[in-house]
Amino acid sequence: MITDGLNPEQTLAVRTTEGPLLVLAGAGSGKTSVLTRRIAYIIGERRVDPWNVLAITFTNKAAREMNERIVKLVGKKAGDIWIGTFHSICVKILRREAERIGYSPTFTILDSDDQMTLIKQSMLDLNYDLKQYEPELIHYKISQMKNELEAADDVAATAKRSLLDQVVASTYRLYQRRLKDSNAFDFDDLIGKTIELFSEHPDVLQQYQEKFRYIHVDEYQDTNRAQYQLVQLLAQRYRNICVVGDADQAIYRWRGADISNILNFERDYPEAQVVKLEQNYRSTETILHAANAVIRHNSQRKEKNLWSGNEKGANIQIFAALDQEDEGFYVAQTIQNHVQNDGKYQDCAVLYRANSQSRAIEEAFLQAAIPYRILGGMTFYDRREIKNLMAYLKVLSNPQDEISLLRIINVPKRSIGDSTVKRLLDYAHEQELTLLQALGHGEKVGLSGRAAQAVLEFHRLLEQLADMQEGLTVTEFVSLVLQRTGLRDLYLHHPKEEERNRADNLDEFLTVTRSFDRRHPNRRVSDFLAEVSLLSDIDKGSDQEEAKVQMMTLHASKGLEFDVVFIVGFEEGIFPHQRSMFDSEGIEEERNLCYVGITRARKQLFITYCTERTIYGQMQINDPSRFLLEIPEDLTDRHVSNSMYDTNWSIGDRVQHPKWGIGVILDIRKQEEESVLQIQFQSKIGCQDVLPGKIRLKRVDA
DNA sequence: GTTATAGGTCTTTTT
DNA sequence: GACCTATAAC
């Protein structure tokens with residue numbers, strides 16, 4: 001039976017397939033299990049065609065896992081279910097229907113860098129001072145408007161308020177026109193333009209309403225207005241809509257998520273049934289008790305009490321470190337203990353509020369030789385060489401893509417400098433040509449001989465590559481591009497080793513394309529690009545279970561679970577973050593984040609904070625986080641770091657150096673009023689002189 | 001048109 | 001303390 005092993009509420013949620021259903025699922029209450037079984041039940045028991053089922057997940061990884069689990073229950077036909085993120089589902093729809101709203105199906109998707117570039121460009125063309133108006137802010141505002149489904153033109157009409165609003169409005173309009181001219185969408189457009197498609201073409205909407213008779217949305221508390229609208233449109237006809245969420249885990253208000261979407265579900269669908277999943281199967285009673293105690297401090301919430309049949313488990317360990325290095329050292333040591341007691345590296349996760357906090361932990365891990373993996377921050381796809389390669393591919397699959405063309409027009413160096421580019425752009429805009437077309441008219445642009453020659457050659461190269469695309473797999477085509485453009489040679493023969501390593505990354509990229517080719521034979525480069533553009537931080541990790549400690553932001557940890565969890569930087573100003581501390585809503589969302597973090601842990605939770613911390617190279621003293629006071633004392637064991645900074649050194653002392661790790665003082669001598677310590681380190685750095693006045697050393701007990 | 005250096009500026013979270 | 005950007009020399 002599909003419902004075997006489920007509790008009564010879970011079973012009810014699985015079996016309630018007709019009509020609207022709201023599942024309020026606390027952390028660790030088995031909602032993924034409920035969702036997968038529900039879909040399996042709809043297909044297996046209710047005999048619904050898989051083609052009629054839609055499931056929207058928060059990450060691609062979650063989609064993949066859900067799909068695998070459904071395949072296990074109902075077999076291969078599960079392949080016809082549409083499972084994906086809002087963004088990937090919309091891409092799929094837009095690829096089929098793009099022409100209806102004036103785009104070509106080979107459209108490209110801008111990554112956040114490209115978006116910023118285009119915003120800046122638009123602002124400069126409007127003669128705005130980038131110092132006076134931060135492009136980041138403008139971008140943020142435009143994104144917010146798109147999430148609220150406000151079109152560029154509506155905005156321009158109503159923007160008589162502040163100067164800033166006018167800047168936003170006109171930048172938005174120009175930016176949007178440029179996107180259109182480039183046959184490109186930004187992330188927000190993927191949702192917004194799909195809605196536009198549906199509202200302008202009722203027949204298309206109807207077709208998808210007929211198709212998606214059973215709709216599921218996970219993490220509903222984090223949907224924004226546009227996503228809400230999209231779901232409303234699709235669900236209108238059959239009203240078989242199942243949303244799953246937990247208002248206590250709403251952590252994306254800053255990117256437009258609107259918690260009232262879940263709070264008002266029963267108003268939107270008065271006939272809705274509601275199922276509450278309150279039994280937690282994941283964490284020990286201690287961890288769950290702590291999580292409940294913290295979240296209770298939020299005022300804006302529906303009362304809910306998670307309970308657990310699990311054992312009490314170990315106390316929560318609270319550690320007051322001296323500074324970030326000490327904190328990292330503690331985490332590293334604790335993990336080593338765990339591993340020595342037959343624990344595994346991959347059971348452990350380190351969670352932090354901001355990506356920048358990962359560095360201190362990383363350094364401690366390197367010293368202690370602990371294998372780790374960082375999710376998010378700078379990833380493979382953010383590397384310059386990868387972005388360059390992707391830009392080539394984007395231009396080749398979407399000839400209108402000006403942003404990408406500008407990126408690679410002179411990479412590798414081919415003597416097409418800024419002034420040449422400017423002339424080409426002016427010419428293109430005057431003649432209403434794309435930049436790529438303008439390249440072909442090199443001689444008419446009025447360029448100097450050398451520049452014209454270079455431009456023409458580049459144009460020919462791109463044309464040749466575009467012609468050769470036919471019939472090749474993505475992998476074959478990418479290797480061809482790497483070779484013909486000279487991109488690989490650029491890195492392969494570079495004098496600096498660092499640059500030569502980039503060639504390896506390009507080869508690594510071919511591994512990615514091979515996997516794509518295997519999964520989707522005969523798909524085009526533009527499909528590959530879309531897949532890559534929509535990967536989230538969680539998706540980007542490798543699939544195989546590696547024996548590595550996982551490091552990530554608290555945001556990225558949502559939906560995951562680990563035996564042992566460390567939350568570091570538990571300090572006022574860090575967590576809750578400085579910029580969220582202005583209003584109670586901000587604080588409450590930070591508290592949700594704290595709740596998410598705590599409930600990631602199955603067996604053991606460690607919380608650390610620093611008494612001093614260096615930010616910008618400036619020393620700063622933070623109070624411990626207010627959330628710490630909200631965890632009941634009797635659930636915790638508190639420790640204070642016993643290492644300390646010292647000035648009275650003697651031979652034989654064991655010390656810890658911030659970079660080189662543990663060592664022993666061999667000798668002390670005076671040199672120009674300063675003492676110099678000769679230290680034998682355990683690490684491969686060996687014996688080194690250290691100035692304790694410059695480098696802060698910590699005393700470590702033997 | 002290309003490259004090197006110095007100064008100014010920033011760090012929340014992400015599809 | 002790191003990263004990008006404006007400026008000047010090649």
Side-chain angles (χ1 to χ4, degrees), chain A residues 56-63 84-91 109-113 115-117 120 130-131 134 136 139-140 143 146-147 185-192 219 222-224 226-227 250-257 324 351-360 375-379 381-382 384 409-422 447-448 450-451 454 530-540 552-558 569 573-582 586 589-590 592-594 596-597 613-620 658:
Chain A
I56 298 174
T57 57
F58 203 67
T59 62
N60 292 292
K61 185 173 174 226
T85 61
F86 272 103
H87 298 269
S88 68
I89 296 285
C90 286
V91 167
I109 302 162
L110 266 65
D111 67 23
S112 20
D113 266 16
Q115 282 178 50
M116 279 313 299
T117 310
K120 280 184 202 159
L130 297 189
K131 294 228 172 67
E134 292 173 278
E136 287 78 15
H139 173 235
Y140 174 75
S143 170
K146 288 190 175 188
N147 288 331
F185 296 117
D186 66 16
F187 289 127
D188 302 316
D189 278 345
L190 294 175
I191 319 282
E219 307 285 6
D222 281 322
T223 50
N224 62 34
Q227 293 165 336
I251 54 175
Y252 285 103
R253 191 178 57 122
W254 52 272
R255 73 171 196 213
Q324 293 115 297
L351 311 181
Y352 33 81
R353 176 65 240 267
N355 279 308
S356 57
Q357 290 169 258
S358 68
R359 179 168 252 115
L375 290 117
M378 176 81 162
T379 65
Y381 296 96
D382 295 328
R384 192 164 64 231
I409 196 163
N410 202 24
V411 180
K413 298 265 150 62
R414 51 172 73 86
S415 298
I416 306 180
D418 291 345
S419 54
T420 308
V421 170
K422 198 163 182 347
L447 298 171
S448 69
R450 198 165 60 121
E531 182 176 289
V532 171
S533 308
L534 296 179
L535 291 179
S536 70
D537 281 340
I538 290 295
D539 302 324
K540 286 174 189 163
M552 69 194 85
T553 62
L554 286 151
H555 282 89
S557 76
K558 187 160 80 155
I574 303 288
F575 186 33
H577 193 272
Q578 199 73 48
R579 296 183 63 165
S580 314
M581 285 166 60
F582 299 119
E589 181 155 304
E590 295 284 302
N592 284 351
L593 194 55
C594 183
V596 168
R613 168 179 297 272
T614 11
I615 293 176
Y616 291 119
Q618 291 266 299
M619 210 260 280
Q620 193 183 310

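Predicted, not measured: the structure shown is a model, and the values here were computed from it. Just so we're on the same page: letters track the sequence lines, and every chain starts at 1.
Remark: Asn147(A) pairs with Ser143(A), Asp188(A), Asn224(A) by the side chain to side chain contact (heavy atoms under 4.5 Å, CB included) rule, at least two apart or across chains. For Glu531(A), the side chain to side chain contact (heavy atoms under 4.5 Å, CB included) partners at least two apart in sequence or on another chain are Phe516(A), Arg519(A), His520(A). For the salt bridge (charged side-chain N to carboxylate O under 4.0 Å, His left out) test, residues two or more places apart in sequence or in another chain that qualify with Asp111(A) are Lys387(A). Ser88(A) meets the side chain to side chain contact (heavy atoms under 4.5 Å, CB included) test with Asn60(A), Thr85(A), Leu534(A); sequence neighbours excluded. Taking the ring pair (Phe, Tyr, Trp, His ring centres under 6.0 Å) definition, one finds that Tyr352(A) meets it with nothing, sequence neighbours left out. For Asn410(A), the side chain to side chain contact (heavy atoms under 4.5 Å, CB included) partners are Lys413(A), Arg414(A), Ile416(A), not counting sequence neighbours.
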Pairs under 3.5 angstrom only: tabulate donor-acceptor contacts from the side chains of residues 250-257 of chain A to other protein residues two or more places apart or in another chain.
unit_1    : atom_1 : unit_2    : atom_2 : d
Arg253(A) : NH1    : Glu585(A) : OE1    : 3.1
Trp254(A) : NE1    : Ile251(A) : O      : 3.0

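The CG-C1' distance, from Asn224(A) to dT15(B), rounds to 10 Å in whole Å. Here dT14(B) presents its P atom at 14 Å from NE2 of His139(A), a figure rounded to the nearest Å. The interatomic distance linking Gln227(A) (CD) with dT15(B) (C1') rounds to 8 Å, in whole Å.
Here the separation of dT11(B) from dA6(C), taken at their C1' atoms, is 22 Å to the nearest Å. Annotation: dC4(C) and dT13(B) have their C1' atoms spaced 22 Å apart (nearest Å).
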Quick one, give me the B/S/- string for nucleotides 8-13 of chain B, reading 5' to 3', where B means a protein heavy atom under 4.0 Å from the base and S means that only happens at the primed atoms, P, OP1 or OP2. --BBBB
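Here the CD1 atom belonging to Ile109(A) is positioned 10.0 Å from the NE2 atom belonging to His87(A), to the nearest 0.5 angstrom.
Counting any heavy atom pair closer than 4.0 Å across all strands shown, Ser419(A) reaches sugar-phosphate atoms only and no base atom. No engagement by Asp188(A) is indicated, since no non-hydrogen atom pair under 4.0 Å with the nucleic acid exists.
Taking only side-chain nitrogens and oxygens, Asn147(A) never comes nearer than 4.0 Å to OP1 or OP2 of dT15(B).
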Under-3.5 Å N/O pairs linking protein and nucleotides 7-9 of chain C:
none

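Positionally, the nearest nucleotide of DNA chain B for Val421(A) lies more toward the 5' end than for the other of Val421(A) and Phe187(A).
Residues Met581(A) and Glu590(A) are not in side-chain contact: their nearest non-hydrogen atoms beyond the backbone lie 4.5 Å or more apart.
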